[in-house]
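To keep things clear, I will list the structure first and then write my remarks on it.
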Amino acid sequence: MTPTNPQSLETIYLHDYQTPAYLVESVDLLFQLAPSATRVISQVRFCRNADRKAVEPLQLDGEQVKLLSLKLDGVVLDPADYRMTAEGLSIAEVPESFLLEVETEIDPASNTALEGLYLSSGNFCTQCEAQGFRKMTYYPDRPDVMAKFRVRVEAERSAYPVLLSNGNLIEAGGLSAGRHFAQWEDPFPKPCYLFALVAGNLACIEDRFTTRSGRDILLQIYVEQRNRELCGHAMLSLQKSMQWDEEVYGLEYDLDRYMIVAVDDFNMGAMENKGLNIFNSKYVLARPEVATDSDFLGVEAVIGHEYFHNYTGNRVTCRDWFQLSLKEGLTVFRDQEFSADLNSTAVKRIDDVRILRQSQFPEDAGPMAHPVRPASYVEINNFYTVTVYNKGAELIRMQQALLGREVFNRGVRHYLRKHDGQAVTTDDFVAALEECSGRDLSQFRRWYAQAGTPRVALETRYDAARKEYRIVCRQSCPATPDRSAKEPFQIPLAIGLLGAAGGDLPLKLAGEEVSEGTTLVLDLQQAEQEFVFEGVAEEPILSPLRGFSAPVILEYSQPDEELAFRMAHDSDAFNRWEAAQQLAQCELLAALDDSDASPLSDLFVKSWTQTLGDRQADGSLLTQLLTLPSEVYLGEQMSAIDPGRIHRVRKAARHQLATAGRKLLLERYRAGRDTQAYGLDSRQVGKRSLKNFCLSLLMLLEDAEVVELCLQQYEFAGNMTDRLVALTCLTSSALPQRQTILDDFYQRWQQQPLVVDKWFTLQATADRDTICTDVAALLEHPAFTFDNPNRVRSLIGAFAAGNPAGFHQADGAGYRFLTEQILLLNQRNPQVAARMALPLSRWKRFEPVRSTFMRQQLEELRQQELSRDLFEIISKSLK
Ligand code: 7ML
Ligand code: ZN
């Protein structure tokens, strides 16, 4: 751990950005690998940046590395010639162009932070984004320094038969003393955060892809030998990604080889290193027996995401880390569209909006709120956030809505051509869209600079005599830590008008042509703005914010009957779901104030039952429509969150639905059981999803018939999706078989780390009064370890972020537990520790008793010696 010292806690500001004083022409790296003492020898050709006149010092970043030697144009530098700090070294005087040779020694075996070069299951691998390269050698570790890399890897042959780095393999061969080498060359200039190296004993699964211009690409997935049968879905997903990017954006892969390596120990999901992606094995390995349907979708999405980075991130990269959303927002948008095209658009959109509302809106309303393009940071790793990623993707989506698909698409292609090989800004992206469309997006740019979730209040009025329908829109945005006064946003507000018969009415804005289609995008720009529709034959029912066309909180109260109507008839599938959510939300929140055992109205139960009986609709969509708003989302609607009360009301409502719908739920459950071999097409996924939704609700009743069905499903499930749902239901029950079955599951799957993660998670998220002691006991389980981020997230992360009622137990036991674990992790892995602390940062939103307990834990943490990552989060939370 880098201890907190005043220097390392400096705030970095966007307005301090300066172009690099020296650029790199070429990099030659030699890695002599050994677990505890790896030698890194770098030869870098520097030249002074043409925009500089005066001689400036050469600044190199380097952290936790041992400097063995430093030579400039072949001459060893005397320590008096350069200045060294804990963060790097600077050489005061250098020629206009020169060769710098740096030799360092590092210790991958004791690298528990998993940044830079480290070991996972005995194999070497790297993670350099954002600033991991500086943990291997001294180098200008900033994305606007792009260079061509040549890399030679040397290691003992028996332990590390596979030696990989970016680009093309140039040469490989033997060395003395049982060692061997491989020489790699990447023809594309890149920033060092895209550097990668892998060495180990790995199996390789190969396939091919022929690009549309006829180039033959070798596709390789490297995994530990025991996982070689688990790569089929990842390979297929890669091929689909390549195909999709050609079809939709005309983008063809640019190297002859694409490699993916799966490792068990990884801080994030995956990494887009040029030609050599490194993945958390969670997003590569999948087979029906060990992975659920949603795991399969996750693999597809992440493989797509990393592949799409090859253009949006690698060919065109970020000027500085404030521009992170340039690549991440755009690439998330691309992976969302990819998944929507391959599966279901509506279901994908609902999932994405759920994430936005459950994670991003709260972030935007809390102490860690920041704009999509932040203006400052202390630790960049803390800015890989749902705001930068998911709200960033929403900004791209809004621009698509404003320009229209076709123009937007041309704009993206123009952006990629114009800036190929460059390191640019989010402004450059917007400017490229402007150039292509002729539109002025200057007001739109505020979305990048202002934090906070805008609120849009709607008022509607129908004039029957004039056949006019008016919508008045008022927007506002609450204060956030970055600024309190906000300028109005440009908001694309997609709307439709429904007639009493259920169909869409034609849309004609005053002074304009009748619009094509049944949905119109209103271009909201002022703080208050009125839209008048003409020729509206009957009083319409408004379907606002279709497809969630902007990341805003809508304030529009519609009568319950209209919501129920839209739930059944809205032609926008997303808005059917939205209407159902709103109806449920109103009733559940109203029920918080009394202790009624039946929180839902007859109207709701009737509409819900009708939906459940729909035999036409897709199963995945039905499941979404039938699912009540989550506890987290409901909590966000309260002025002071009381997780215990929310949990009780939501559970009572689910019990009410289970009771009222028992017969139909059983019928749909039985009809959903497999009659054919397991398949991943959306019809089968939908069927399983609805069937398992029915089972989960029915299990609340705990009657003998249902329990038997659940036990049967657990016992005879042919796939992990079904088995896990049954086990999850049993784990929250008080049935006598509970522990035996949990033990059985562990026995069956203990050799599969990803399944063991599920086993920890389902216990950490169970609905039990003893949950805090249950989770604490699981820390002692032999399979638990702090060394593996997935395992930490599966138990501690799942408990703190995925079990609101348990974690927020009123006596504060959950908070004290989390604090202890954060302190243990703080030493080992600052990035993961910092993420674990985020649930506490929301303390101000909770009712006074919990709020005080949470704050106490933050104070407690502040007393300790913290990593920079944790320090930033704790101190901002307490501001
Ligand atoms: C988002 C990633 C990181 C951090 C992956 C690490 C990445 C940075 C990396 C969506 C889908 C898959 C992974 C991620 C994610 C947090 C999230 N460049 O590619 O963005
Ligand atoms: Zn990414």
Side-chain angles (χ1 to χ4, degrees), residues 209 232-249 251 260 268-272 277 279-280 282-286 288 291-313 325 327-360 386 388-398 400-401 405 408-409 412 547-549 551 572-574 577 618-625 627 679-689 721:
F209 181 81
H233 181 67
M235 185 63 86
L236 204 60
S237 300
L238 177 58
Q239 290 160 330
K240 287 177 179 172
S241 306
M242 299 177 94
Q243 184 78 28
W244 187 87
D245 222 11
E246 288 190 356
E247 280 168 10
V248 179
Y249 289 98
L251 299 173
I260 289 175
M268 315 279 201
M271 182 60 211
E272 69 265 24
N277 291 179
F279 271 62
N280 186 324
K282 177 176 164 57
Y283 294 111
V284 174
L285 310 179
T292 63
D293 291 346
S294 86
D295 292 332
F296 276 91
L297 289 174
V299 169
E300 183 179 86
V302 179
I303 295 264
H305 180 95
E306 305 312 331
Y307 178 74
F308 302 142
H309 267 316
N310 191 52
Y311 280 89
T312 52
S325 196
K327 72 180 178 82
E328 296 305 346
L330 181 53
T331 305
V332 170
F333 170 78
R334 275 150 56 68
D335 82 53
Q336 289 175 349
E337 294 286 277
F338 168 65
S339 295
D341 285 352
L342 264 51
N343 305 289
S344 149
T345 306
V347 174
K348 176 64 179 157
R349 190 65 188 134
I350 291 166
D351 276 334
D352 290 337
V353 172
R354 272 188 208 280
I355 296 174
L356 213 59
R357 283 183 171 156
Q358 288 208 49
S359 310
Q360 201 282 321
V386 273
V388 166
Y389 276 70
N390 300 65
K391 186 177 180 179
E394 294 300 315
L395 304 202
I396 306 294
R397 190 175 295 282
M398 284 192 283
Q400 182 192 43
R405 262 169 208 279
F408 168 82
N409 225 276
V412 173
F548 206 68
S549 61
D572 185 84
F574 173 85
W577 172 78
D618 158 68
S620 297
L621 183 62
L622 270 190
T623 304
Q624 298 277 19
L625 289 170
T627 303
L680 266 173
D681 58 282
S682 48
R683 209 190 56 81
Q684 282 202 50
V685 171
K687 221 170 126 184
R688 274 192 292 277
S689 147
T721 305

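Checked against the 6.0 Å centroid threshold, F338 and F308 count as a close aromatic pair. Aromatic rings from F408 and F333 are positioned such that their centres are separated by under 6.0 Å.
Residues passing the salt bridge (Lys or Arg N to Asp or Glu O under 4.0 Å) test with K282: none are found, sequence neighbours excluded. By the salt bridge (Lys or Arg N to Asp or Glu O under 4.0 Å) test, R354 is found to be paired with no residue, residues two or more places apart in sequence or in another chain being considered. In this view, Y389 satisfies the ring pair (Phe, Tyr, Trp, His ring centres under 6.0 Å) rule with no residue, not counting sequence neighbours. Contacts of E328 classified as salt bridge (Lys or Arg N to Asp or Glu O under 4.0 Å), with partners at least two apart in sequence or in another chain: none. Evaluation of the salt bridge (Lys or Arg N to Asp or Glu O under 4.0 Å) rule for D352 yields K348 as partners, not counting sequence neighbours. For T312, the side-chain hydrogen bond (donor to acceptor under 3.5 Å, both in side chains) test picks out T331, R334, with sequence neighbours left out.
Looking at every heavy atom in both residues, V299 comes nearest to A286 through CG2-CB, 4.3 Å. Of all the heavy atoms in A346 and L621, the pair that sits closest is CB-CD1, 4.3 Å. Of all heavy-atom pairs spanning G392 and S325, the tightest one is CA-OG, 3.4 Å.
Aromatic ring orientation, H305 versus H309: perpendicular (interplanar angle above 60°, classes split at 30° and 60°).
In this structure, S689 contributes its side chain and V685 its backbone to no donor-acceptor pair below 3.5 Å. Between the side chain of E306 and the backbone N or O of E272, at least one donor-acceptor pair lies under 3.5 Å. Formation of a donor-acceptor pair under 3.5 Å by the T721 side chain with backbone atoms of D293 is found in this model.
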